[in-house]
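So that the names make sense, note that chain A is the first sequence line, chain B the second, and so on, each numbered from 1.
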Number of protein chains: 2
Amino acid sequence: MTELTISKAAKNAGVGVETIRFYERKGLIEQPPKPLDTGFRVYPEETVQRVRFIRQAQEIGFSLREIEELLSLRADPSADCSDVRERAAAKLEEVDRKMEQLGRIRSALDELIAACPGRGALRVCSIMESLVAATGETSTYANAGRRENPR
Amino acid sequence: MTELTISKAAKNAGVGVETIRFYERKGLIEQPPKPLDTGFRVYPEETVQRVRFIRQAQEIGFSLREIEELLSLRADPSADCSDVRERAAAKLEEVDRKMEQLGRIRSALDELIAACPGRGALRVCSIMESLVAATGETSTYANAGRRENPR
DNA sequence: CTGCACTACGTACTACAGTACGGAGTCAAC
DNA sequence: GTTGACTCCGTACTGTAGTACGTAGTGCAG
């Protein structure tokens, strides 16, 4: 099994070499061992998984900072577990919120597709309208107060 | 009902005034009527909904460009419906992919929380490890070929 | 032992999404 | 009719996440 050099790791993870170096500088992936004789980075397979995870998490709206938090969530027997638990629960809530919104957009798309069955649409219907219909006006905290504390 | 000036619209939508102007320049929200006597923008309530939608869609990983696409999806009886349908279907697939990944992260968080029941963790377990476990190695297209077409 | 592809490092540049700023005009209250 | 909060517009600046670039060193195939 050939050793994972930076370009192979990048290729396997589906990113560019510079991205790997960038993540390393950011502390998102661990500094790989650089054998003294060569000075070249050699990656464990796990790094590839990690980079893939990072990309997928980005896809669904997490920033690199948040992804770092996610990745650092680790139930370490030596650490105070309740902290990890708390942070995990917070992230879970975040994820659930995202899922809800995604679900709403999904229904709106479904509805849109249904309304447009092939040729000659029957209903005028946009995503926005579907969403408003689906969520019942959405007017939470509309009509926010006027003129108290205006900047 | 007082008219929605830019700052009120911004407040109701939970964004800054500059963000509204920015979205307007980008074409994400329609140019509001600016009565000749004043020159000030006056917004319909719909704009507030729209801005909220934009923010929520951003939260789950859509770029402004993609959100524009989403918002322009509209089953218009006068237009060729199949194009809209196609684009909607593509977006739907995208949404489904996001939901899957979100679901995986969710289970990983669940598992993490379960493994860490209050005090003194029983298992060492990170998000990454949970995900790898949950997705069965994830090694799709790992072992990508070596040395053919290197860059 | 010469090439060529690869690696390292640092710095610069880019795209995206705002955010801030300055100067000028407007509106409503006092 | 002045003051303070608001609006206009254009331009400049910021943070995030890369991406590119130049220089120099390494590794190995021929």
Give every pair of a protein N or O atom and an N or O atom of nucleotides 19-27 of chain C that lie under 3.5 Å apart, one pair per line with the distance.
residue : atom : partner : partner atom : Å
dT19(C) : OP2  : T19(B)  : OG1          : 3.3

To the nearest Å, how far apart are [X] [atom1] and [N] [atom2]?
X	N	atom1	atom2	answer
Y43(A)	dT7(C)	OH	C1'	10 Å
I20(A)	dC9(C)	CD1	C1'	16 Å
E3(B)	dA28(C)	CD	P	11 Å
E68(B)	dC16(C)	CD	P	12 Å

Are the side chain of [X] and the backbone N or O of [Y] linked by a donor-acceptor pair below 3.5 Å?
X	Y	answer
R41(B)	Q31(B)	no
R50(A)	E45(A)	no
Q56(B)	F53(B)	no
S130(B)	S126(B)	yes

Inset, instruction - Please tell me if the side chains of F62(B) and I54(B) come closer than 4.5 Å, counting only heavy atoms from C-beta onward. - result: no
Legend entry - With T47(A), the side chain to side chain donor-acceptor pair (under 3.5 Å) member among R52(A), E24(A), E30(A):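 With T47(A) as partner, side chain to side chain donor-acceptor pair (under 3.5 Å) holds for just one option, E30(A).
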Inset, instruction - Within residues 56-67 of chain A, find the residues that approach DNA chain C with a heavy atom at under 4.0 Å, and present them sorted by residue number. - result: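 Contacting residues: none.
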Taking 4.0 Å as the cut-off, does a side-chain nitrogen or oxygen of [X] come that near to OP1 or OP2 on [N]?
X	N	value
S7(A)	dT7(C)	yes
T5(B)	dT7(D)	yes
R41(B)	dT7(D)	no
Y23(B)	dA17(C)	no

Identify whether the distance between the nearest side-chain nitrogen and carboxylate oxygen of [X] and [Y] falls below 4.0 Å.
X	Y	result
K91(B)	E94(B)	yes
E129(B)	R74(A)	yes
R97(B)	E59(A)	no

